[in-house]
Trainee: 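Input: one structure, supplied below.
Throughout, a chain's letter reflects where its sequence line sits, starting with A, and its residues are numbered from 1. Everything numeric here is computed off the predicted structure, so don't read it as measured data.
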Protein chains: 2
Amino acid sequence: MNTSHSERLIVQEVAPRDGLQIEPTWVATTDKIALVDGLSQAGFTRIEAGSFVSPKAIPALRDGEEVFRGIARRAGVTYVALVPNLKGAQRAIAAGADEINLVMSASQTHNRANMRMSCEASLAGFGEIVAFAARHPVSLNATVATTFGCPFEGRIDEDRVLEIVAHYLALGIPNVTLADTTGMANPVQVRRIVTRALALLPASALTLHFHNTRGLGLVNVLAAYEAGARRFDAALGGLGGCPFAPGASGNICTEDLVNLCDEVGIDTGIDLPHLIAMSRRLPALLGHEVPGQVAKAGRNCDLHPVPAALQAA
Amino acid sequence: MNTSHSERLIVQEVAPRDGLQIEPTWVATTDKIALVDGLSQAGFTRIEAGSFVSPKAIPALRDGEEVFRGIARRAGVTYVALVPNLKGAQRAIAAGADEINLVMSASQTHNRANMRMSCEASLAGFGEIVAFAARHPVSLNATVATTFGCPFEGRIDEDRVLEIVAHYLALGIPNVTLADTTGMANPVQVRRIVTRALALLPASALTLHFHNTRGLGLVNVLAAYEAGARRFDAALGGLGGCPFAPGASGNICTEDLVNLCDEVGIDTGIDLPHLIAMSRRLPALLGHEVPGQVAKAGRNCDLHPVPAALQAA
């Protein structure tokens, strides 16, 4: 594993969006703003700070405008918003998002379940959004959900995934996220797909989004890193989850990922103690434990006192 | 990743010992026997079925004799017992253990805390046990606890770990486990230490024991496998744990490991659906949820029905 600075691993923090969207407890706008600002202070350069979807579809994130307007913008940080359609893109740009993230599933069935439209309709909508966004200072990213498997259809044809990536690029969307929406990826598959994707776009434009649903989130991060990927989504505390796997973990946990990077000498630029302190406040904010491990166990260097009985011996 | 049969990964199931030893709820002897027998039916060839320690030290496992005598021995399965001293070895051999596993920490402080003696005293005791065991049809394994880090001392000198391995071999103990007792290992360190250990003993005699305390258990398994290791401890449901990391995960979870192997084409010989069914019975047996993910999420091939609204469309 190369540890030179050029090998920095970029973590895009998605807890304010992908983490909070399924929380049943309402998180106050001021708490959301404090979360985003705490993350920018911890050293993140990319934060998915909210979404602009129908408040009926995702009531937990209905205050996207107030969050984007309330955060203390930090220089060098890209604040990203997820949007489902042109109206969402218009709202996100008006609220000051630096980047908008579009999403379509490689699986037709999942796209119909998640976005309530066919893949063809999604792509047509993307075209409208690209045309609108071109008149504004905003960058574009599009996600291929269920890249590594679909809970309804199972394995997804890899050629189809790569064709979608090429289609996004041809539409004028330069940045792409490959998402393991329900945690079905394995490291052999990840190496293969990442290698193929990096033939189409540079590492600086490719994000991998893994879930830890079956315990393989960090395994897949390392496999993708070794294949050349350098940008990864992760959520503080491992927030998020999947309605098809009750009790299972959600997004890979940011502090667990940063701890791994610190231990093996991969630079992330993120302040791990700050992150752990933030994660430890999540149970009080959300009313439940969160899946992350390092916030419970501490770092390796957080040593325990030698038992008194041994000191006396 | 080579997927030929010679690359089989051997899982030694340790839930009946390392898993149950810290459980506050008493597990009836008949339930322990059913657990061991269920594991042998699932295809494990190595099961750590109990320990022969002082019932005051570990009351949860005070029925070691009854468990070993009650199990339905399956041909080809090695039933292992952990023992702390000569008396324990005598009890284990009398009860019919096929293999006894000795343990000493690489860290003096941890050995005093865990075994209540110096490393020198541990090694002297191992000599007595080897001499006794030589007169009986039993094989020997010794564990180097805290190989990858100590919660009191921090990093452990790798030369010291390798010297202990060489010392075990010189004592006449042919099989060695390198244990990450409190989940401090990282994959770069694992590759380095496994490579060095495999210069001293064959892969068939080396076991890696990882905990998932900081979320890196399966990452470390793959790193060790890629470095040539082929035998791994794991516990059904991810049972076990560490008194220094309340709330954190314990041993790596067997069904999560077997799922990983199935997905990437590494043969284990273990029946995953059988294992998942066993894991799903653990919460009722123990009175709490367990950390494993795959038992909650199901396998990738356990697809979800397409929502009725979409079928109608």
Trainee: With a 4.5 angstrom heavy-atom cut-off, is it the side chain or the backbone of A:E153 that approaches chain B, or both, or neither?
Mentor: backbone
Trainee: Heavy-atom pairs under 4.5 Å with chain A are the metric here; pick the option from B:E289, B:R155, B:E263 that has the most.
Mentor: B:E263
Trainee: Go through the atoms of A:R116 and report whether side chain, backbone, both or neither lie under 4.5 Å from a heavy atom of chain B.
Mentor: neither
Trainee: What part of A:C253 is in contact with chain B, defined as an atom under 4.5 angstrom from a non-hydrogen atom: side chain, backbone, both or neither?
Mentor: neither
Trainee: In terms of heavy-atom proximity below 4.5 Å to chain B, should A:L218 be classed as side chain, backbone, both, or neither?
Mentor: both
Trainee: Give a yes or no answer on whether the side chain of A:K296 reaches the backbone of B:T213 with a donor-acceptor pair at less than 3.5 Å.
Mentor: no
Trainee: Within the 3.5 Å criterion, strictly below it, is a donor on B:Q12 or B:H209 matched to an acceptor on the partner's side chain?
Mentor: no
Trainee: With rounding to the nearest 0.5 angstrom, report the CZ to CD distance, B:F148 to B:Q189.
Mentor: 6.0 Å
Trainee: Just by distance, do the side chain of A:N259 and the backbone of A:V294 share a donor-acceptor pair under 3.5 Å?
Mentor: no
Trainee: Okay, side chain of A:T254, backbone of A:A235: is any donor-acceptor separation there less than 3.5 Å?
Mentor: yes
